[in-house]
Amino acid sequence: MAKIENDFFERVYQVVRLIPPGRVTSYGAIARFLGSAQSSRMVGYAMNSSHAQAVYVPAHRVVNRKGMLTGKHFFGGPNTMQELLASEGISILDDTITNFQELFWDPNKELMKGFE
DNA sequence: AGTCTGACCGGGG
DNA sequence: ACCCCGGCCAGAC
């Protein structure tokens with residue numbers, strides 16, 4: 001039987017949970033960290049099922065490479081995602097994170113840095 | 001079991 | 001700098 005850690009979706013969730021509040025990352029960055037740089041679409045698809053997870057997944061901290069809140073419509077309300085990010089001190093303009101580059105949290109850098 | 005789709009990305013026009 | 005198109009992977013019908 002497949003281990004939970006081996007499931008692609010579950011690995012995505014684990015990475016997303018590691019994103020510090022007030023920081024964001026992109027689907028592609030997570031996909032690359034998992035070894036499938038070309039599976040960025042799967043990361044977004046995994047977020048679609050993130051609501052069903054027992055452990056909370058801060059999916060609002062994941063945006064596309066442009067810093068746009070492409071998945072905002074998949075949250076409870078039309079502006080739920082933006083409000084969640086705003087509550088963490090992130091400023092958004094026109095569904096796009098203004099200082100995206102500064103707040104960008106790259107798992108390939110942050111996690112590998114502390115990796116033994 | 002085959003087909004389609006998707007909260008994307010990168011490159012080319 | 002903007003828009004469009006192909007690719008890639010796993011789940012849903």
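A note on names: the letters A, B, ... follow the listed sequences, proteins ahead of strands, and every chain is numbered from 1. Because the structure is predicted, anything quoted here is derived from the model rather than measured.
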Neighbours of DNA chain C within residues 37-72 of chain A, by heavy-atom distance under 4.0 Å: Gln38(A), Ser39(A), Arg41(A), Met42(A), Tyr45(A)
Tell me which residues in residues 89-104 of chain A put a heavy atom below 4.0 Å from DNA chain C, sorted by number, or none.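 Residues of residues 89-104 of chain A under 4.0 Å from DNA chain C: none.
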Report yes or no: does [X] contribute a side-chain atom to a donor-acceptor pair with the main-chain N or O of [Y] at less than 3.5 Å?
X        : Y         : answer
Arg23(A) : Phe104(A) : yes
Thr98(A) : Ser91(A)  : yes
Ser39(A) : Ala31(A)  : no
Arg61(A) : Val24(A)  : no
Asn64(A) : Lys66(A)  : yes

4.5 Å side-chain heavy-atom contact, [X] and [Y]:
X        : Y         : answer
Asn79(A) : Lys72(A)  : yes
Arg32(A) : Asp106(A) : yes
Tyr13(A) : Ser49(A)  : yes

Send over the distance from Asp7(A) CG to dG11(C) C1', rounded to a whole Å. 12 Å
Rounded to whole Å, the OH-C1' distance (Tyr13(A) to dA10(C)) equals 12 Å
Closest approach of Trp105(A) and Thr25(A), non-hydrogen atoms and distance?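 Closest approach of Trp105(A) to Thr25(A): O-OG1, 2.9 Å.
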Quick one: how far along DNA chain B does chain A reach, first to last nucleotide 5' to 3', anything under 4.0 Å to a heavy atom?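 Boundary nucleotides touching chain A, in 5' to 3' order, are dG6(B) to dG10(B).
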Parallel, tilted or perpendicular: which describes the rings of His60(A) and Tyr56(A), with under 30° parallel and over 60° perpendicular? tilted
